[in-house]
Amino acid sequence: MAQIFALLDCNNFYVSCERLFSPRLEGRPVVVLSNNDGCIIARSNEAKELGIKMGAPFFQCRELMEAHQVQVFSSNYPLYGDLSQRVMGILSQLEPEVDIYSIDEAFFRQAKGKPQALLDNGRHIRATVRKQVGIPVSIGFGSTKTLAKIANRIAKKQPEHGGIFVLPEENLEAILATIEVGEVWGIGPRHSQKLFTYGIRTALDLKNANDTWLRKHLTITGLRTAMELRGVSCLPFEEVPAPRRKSVTSSRSFGQPVTDLSGLREALSAYVSIAAEKLRAEHKKAGCLQVYLTTNRFRDGEPQYANSLTVNLPNPTASTLALIHHASEALRQLYRPGFSYRKVGVILVDLVASSHEQQHLFRAKHEEQGELMAALDKINRRWGRDTLQSGSAGFKRPWKNKQTRKSPSYTTSWHELPVVR
DNA sequence: TCTGGGGTCCTAGGACCC
DNA sequence: TCTGGGGTCCTAGGACCC
């Protein structure tokens, strides 16, 4: 039986989360900043209208934002993550087949029906989420994931549709002709630029482009995108989030440049601790780790250096202390004096489930520090991440960035529950 | 002064093997 | 005189996503 894809997407999700607990923000321009208060990663419609661009550096739009009294928030992931779960929970109650794609998006799939029936269903879902969670969403229907994305975009951008749009089959081409090729899911700025120079400017042009040409210039992924525009479904629907992640990363840009090895090691130790904690939460061990460091590429006048090193671990491990040990050694090899460093990071790869790991004949169980790590995680879960940590992560942490505009974790921390007077 | 962080997939090219 | 070719694995780099 023919099926249809739908995409539910939360409108300006992070901003909507902030508004939920501060109704005074309704109707006013609001933005949310990236992890380090560096870039703008979410904007309300009012902020978009002021011309504030996605990903723009905060300091560059500061004046404009002050002039228009834009409300600015540091990102509050515990809050967004919790509200995301609530939205996805409701969708999963209403729809049997759900494919959660990101923190604010989920595909669902249903039997192809009359457009009016799809529209009614979409309206019902939208109203239910709005009522039970309070987050506004848009829903688009199309015969492939890529077309559902386009439908969603139209639902969001053209208010007359009331947040729901079903891509019609009859004049699909006329609609695709109005979509710039760079707005198609999977076509980024680089490909977009290249396509333009070859005269492919709209989604319709891409749909009609030559397969051999696409394969050559955009690789197999670009060809798949074109096929999807033709209504041939190439992107799988993944109901179970089964193909679990293959790597765990932790990194941050520094609040101020770091020049010495010991400062870098402190920061790296802190990031390794975070990554190891994530690893243990998923009951995994890493067989390999990669350390990288880089100077500030935006500073033209300064000498630049970036490098990375991959280390195969003697045994897969999830021990913070063992991982810090190997990461520090890699860092020592990578480090060159005389540079102002901006960032270090660690990537854990070759992940194996703890239960599937090969037992090592000559390795004592206590070397894994399983009980120590379990205690560490328990304490830090209860009292906060920094309660118990490796001494190598330092105490003063001059490299640490501050998030000065963070709203409370209203829904996930007892200490920060909103108070009703 | 101040420019995110965490992921995935694909390809080309080198190393290595027989 | 004359020096293969195909398969596999690994890695770096590029592009994309939210």
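Values below: every heavy atom of this structure, side chains too, minus hydrogens, waters and symmetry copies. Throughout, protein chains are lettered first and strands after them, A, B, ... in sequence-line order, and every chain is numbered starting at 1.
- Asn296(A) CG to Arg342(A) CZ: the interatomic distance, rounded to the nearest 0.5 Å, is 5.0 Å.
- In the region residues 186-197 of chain A, proximity to DNA chain C at under 4.0 angstrom, judged on heavy atoms, holds for Gly186(A), Ile187(A), Gly188(A), Pro189(A), Arg190(A), His191(A).
- In this structure, the OH atom of Tyr101(A) is 18 Å from the P atom of dG6(B), given to the nearest Å.
- Rounded to the nearest 0.5 angstrom, Lys284(A) NZ and Ser354(A) OG are separated by 9.0 Å.
- Rounded to an integer number of Å, the gap from CG of Asn152(A) to P of dC17(C) is 15 Å.
- Remark: Phe59(A) pairs with Pro57(A) by the side-chain contact (heavy atoms from CB on, under 4.5 Å) rule, at least two apart or across chains.
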Distances for protein N or O near nucleotides 1-5 of chain B N or O, under 3.5 Å:
from   : atom 1 : to        : atom 2 : distance (Å)
dT1(B) : O3'    : Arg299(A) : NH2    : 3.2
dC2(B) : OP1    : Arg299(A) : NH2    : 2.1
dC2(B) : OP2    : Arg299(A) : NH2    : 2.7
dT3(B) : OP1    : Arg342(A) : NH1    : 2.2
dT3(B) : OP1    : Arg342(A) : NH2    : 2.9
dT3(B) : O5'    : Arg342(A) : NH2    : 3.2
dG4(B) : OP1    : Arg342(A) : NH2    : 3.2
dG4(B) : O4'    : Ser34(A)  : OG     : 2.7
dG4(B) : O3'    : Asn36(A)  : ND2    : 2.9
dG5(B) : OP1    : Asn36(A)  : ND2    : 2.5
dG5(B) : OP1    : Ser253(A) : N      : 2.5
dG5(B) : OP2    : Ser253(A) : OG     : 2.9
dG5(B) : OP2    : Lys343(A) : NZ     : 3.2
dG5(B) : O3'    : Arg252(A) : NH1    : 3.4

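- The separation between Leu279(A) atom CG and dG6(B) atom C1' is 15 Å, rounded to whole Å.
- Figure legend: cation-pi geometry between Arg109(A) and Phe237(A), with NZ or CZ positioned under 6.0 Å from the six-membered ring centre and within 45° of its axis.
- When heavy atoms are screened at a 4.0 angstrom cut-off, Ser247(A) is found touching the sugar-phosphate backbone but no base atom.
- Atom CD of Glu302(A) has more than 12 heavy atoms from other residues, nucleotides or ligands within 6.0 Å.
- To the nearest 0.5 angstrom, Met88(A) atom CE is 5.5 Å from Ile100(A) atom CD1.
- Atom CD of Gln333(A) has more than 12 heavy atoms from other residues, nucleotides or ligands within 6.0 Å.
- In the model, Gln3(A) has no side-chain atom that pairs as donor or acceptor with a side-chain atom of Gln110(A) under 3.5 Å.
- Between the CD1 atom of Ile103(A) and the P atom of dG6(B) there is a distance of 13 Å, given to the nearest Å.
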| note | Dot-bracket assigned to DNA chain C with the 3.5 Å Watson-Crick/G-U criterion, [ ] for crossing and | for other-strand pairs, is ....||||||||||||||

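- Around NZ of Lys48(A), the count of heavy atoms belonging to other residues, nucleotides or ligands within 6.0 Å exceeds 12.
- When rounded to the nearest whole Å, the span between CD1 of Ile274(A) and C1' of dG6(B) equals 12 Å.
- Aromatic rings of Phe5(A) and Trp185(A) (six-membered ring for Trp) have centroids beyond the 6.0 Å cut-off, not under it.
- Annotation: cation-pi geometry not satisfied between Lys406(A) and Phe73(A) (NZ/CZ under 6.0 angstrom from ring centroid, within 45° of ring axis).
- Taking atom C1' on both dC16(B) and dG4(C), the two are 15 Å apart, rounded to the nearest angstrom.
- Using a 30° and 60° split on the angle between ring planes, His217(A) and Tyr198(A) fall in the tilted class, from 30° to 60°.
- In this view, Arg265(A) satisfies the side chain to side chain donor-acceptor pair (under 3.5 Å) rule with no residue, not counting sequence neighbours.
- The separation between Arg215(A) atom CZ and dA12(B) atom C1' is 12 Å, rounded to whole Å.
- Within residues 216-223 of chain A, no residue is approached by DNA chain C to less than 4.0 Å at the level of any non-hydrogen atom.
- dC16(C) atom P lies 15 Å from atom CZ of Arg224(A), rounded to whole Å.
- The phosphate of dC17(C) (OP1 or OP2) has no side-chain N or O of Lys149(A) nearer than 4.0 angstrom.
- Put simply, CG on Leu214(A) is 13 Å from P on dT11(B), counting in whole angstrom units.
- Between Phe165(A) and His161(A), the two ring planes are tilted [angle within 30° to 60°].
- If you take atom C1' in dC2(B) and the same atom in dC18(C), they sit 24 Å apart, rounded to whole Å.
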